[in-house]
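Being a predicted model, the structure only gives us computed values, none of them experimental.
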Protein chains: 2
Amino acid sequence: MNKDRPKTSQPTDPLATPKATIGRLSLYLRHLENLFQAGQETISSNKLGEALDISDAQVRKDLGYFGPMGHPGVGYRIAQLREKLRSVLGTNRDWNVALIGMGNLGRALFGYGGFHRRGFIISALFDQDPQVVGSVHGNLTVHHISELSVLTRELGLQLAILAVPTPAANDVATRVQAAGIVGVLNFAPTRLTVPKDLSIVSVDLGSELERLAFDVNRRLIPSDDDTQAPPLE
Amino acid sequence: MNKDRPKTSQPTDPLATPKATIGRLSLYLRHLENLFQAGQETISSNKLGEALDISDAQVRKDLGYFGPMGHPGVGYRIAQLREKLRSVLGTNRDWNVALIGMGNLGRALFGYGGFHRRGFIISALFDQDPQVVGSVHGNLTVHHISELSVLTRELGLQLAILAVPTPAANDVATRVQAAGIVGVLNFAPTRLTVPKDLSIVSVDLGSELERLAFDVNRRLIPSDDDTQAPPLE
DNA sequence: TCGTGTGAAGAATTTCACAGCA
DNA sequence: TGCTGTGAAATTCTTCACACGA
């Protein structure tokens, strides 16, 4: 699909934004928020890239996907660019988020301030376990998962954070989708195979540590073969 | 650097493994562990890819970087491939991990079983706050950060999980590096700029939610311009 | 026949380099 | 002069397609 699109040089087509770029938009925004707080007015692609370890050309390409944002000879106006990125990423408004699974990870995520700060409001808590249902965290009470549909409608829940045990993840994802939630942040180390339209982003903390271990191994052990890693105990 | 390497077709050069491949190795291993538990003996690149939503050619390319692992007409021997990937990723042995920062996130990560299961043993806890130092979690007592060097040596700590407030992250990373720890999993939403050799993997939970919001936005709002997102409320 | 390993083609992403605006 | 926007080149990653081993 997407044959030869004529080079009608639309300011740009957000639908064509490379996946790799999307991952960097958050980084740009994160840094811009800092600069904005600090009262700085403009920044060049060069400086912005320097702070994030990204080339200046890359920064310009990335930002260019959303129309001409920069001002030649000046750089990017921070307030304006921040607004644009917030709108692109959807953080210019609040999202109502369901947190599902109140085990260790779930409770921690509830306490983690980073979500709220970026416009993701945890508005309802759910768990499968009758022992846990009814317990109170902050100003919220844990509901049983069977109430998901009703509360999704009532509270206008749009996203869900899945912090449930791996074997339950797929089932819960299906319920979530059926309830009308449109996106899921999944912490279970398994691939979710869900009926239809549901945006999924998965975070596997174990995998991240493995990536780190791989990196360390490669850096510290310049062995060039398939031998075991040295003891190192 | 790395000019034109002659095509001496070494079985493969682990140093040349594409970054993208590395991210998939954990996925392969994760699925192989399941199959291994289930007692399955072999699997084809086709089946393995199907389970993970990766093309069969991609699977073969990825696995090929570590020498010929497959058996034509048979597939990959699960036990053998699992062993190889564990060795490549460094999970064929245990790692001693320091958990630094015992706030909400830190406490949760401590309770999260996924690390231990994959060979990452949390062996020491640290915090900056004197109020927190001395408190006990499981069979571990929280130490003050100033004891990092000593304990790193004593306990053979190799990796650290950073769950500290953003403003402290860089300072802590520097201490970690000075103590002799070689890799860090960073949860603070900031880029760590550390003196020298230290492997860093960062996870920004807020960014992941932003990625999700972007995805939902794009899927649900086929608007083609820079207009505000609709209310949707 | 089934299924790997792998050059070669193709697609995606990044870097280069420079015209042009403020 | 400073700095963006952007084609074109370079690089990296993925898919294709097929020879060959079990």
May I ask you to test the A:L212-B:F120 pair for a side-chain heavy-atom distance under 4.5 Å?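 No. Closest side-chain heavy atoms not under 4.5 Å.
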
Partner set under side-chain contact (heavy atoms from CB on, under 4.5 Å) for [X], not counting sequence neighbours:
X	value
B:A20	B:R24
B:P18	B:T21, B:Y65
A:N170	A:L192, A:T193

Measuring to OP1 and OP2 of D:dT4, would you say a side-chain N or O of A:S45 lies under 4.0 angstrom away?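 Answer is yes, contact under 4.0 Å.
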
Look at the side-chain N and O atoms of A:Y76 and state whether any lies under 4.0 Å from the OP1 or OP2 oxygen of D:dG2.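 Looking at the OP1 and OP2 atoms of D:dG2, neither is under 4.0 Å from any side-chain N or O of A:Y76.
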
Compile the donor-acceptor pairs under 3.5 Å between side chains in residues 27-40 of chain B and protein atoms, sequence neighbours left out, one pair per line.
residue : atom : partner : partner atom : Å
B:Y28   : OH   : B:D62   : OD2          : 2.6
B:R30   : NE   : A:P189  : O            : 3.1
B:R30   : NH1  : A:D204  : OD2          : 2.8
B:E33   : OE1  : B:R82   : NE           : 2.8
B:E33   : OE2  : B:R82   : NE           : 3.4
B:Q40   : NE2  : B:T42   : O            : 2.9

Can you list, in residue-number order, the parts of residues 25-42 of chain B that come under 4.0 Å of DNA chain C, counting heavy atoms only? none

Treat primed atoms plus P, OP1 and OP2 as sugar-phosphate and everything else as base, then score nucleotides 13-22 of chain C 5' to 3': B for base contact with protein heavy atoms under 4.0 Å, S for sugar-phosphate contact only, - for none. SSBBB--BBS

Under the salt bridge (charged side-chain N to carboxylate O under 4.0 Å, His left out) rule, collect the residues that match up with A:D56, sequence neighbours excluded.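 Only A:R60 meet the salt bridge (charged side-chain N to carboxylate O under 4.0 Å, His left out) criterion with A:D56.
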
For A:F110, all residues meeting ring-ring contact (aromatic ring centres under 6.0 Å, His included), sequence neighbours excluded: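 A:F110: no ring-ring contact (aromatic ring centres under 6.0 Å, His included) contacts found.
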
Which pairs pass salt bridge (charged side-chain N to carboxylate O under 4.0 Å, His left out) with one or both residues in residues 65-77 of chain A, sequence neighbours excluded? none

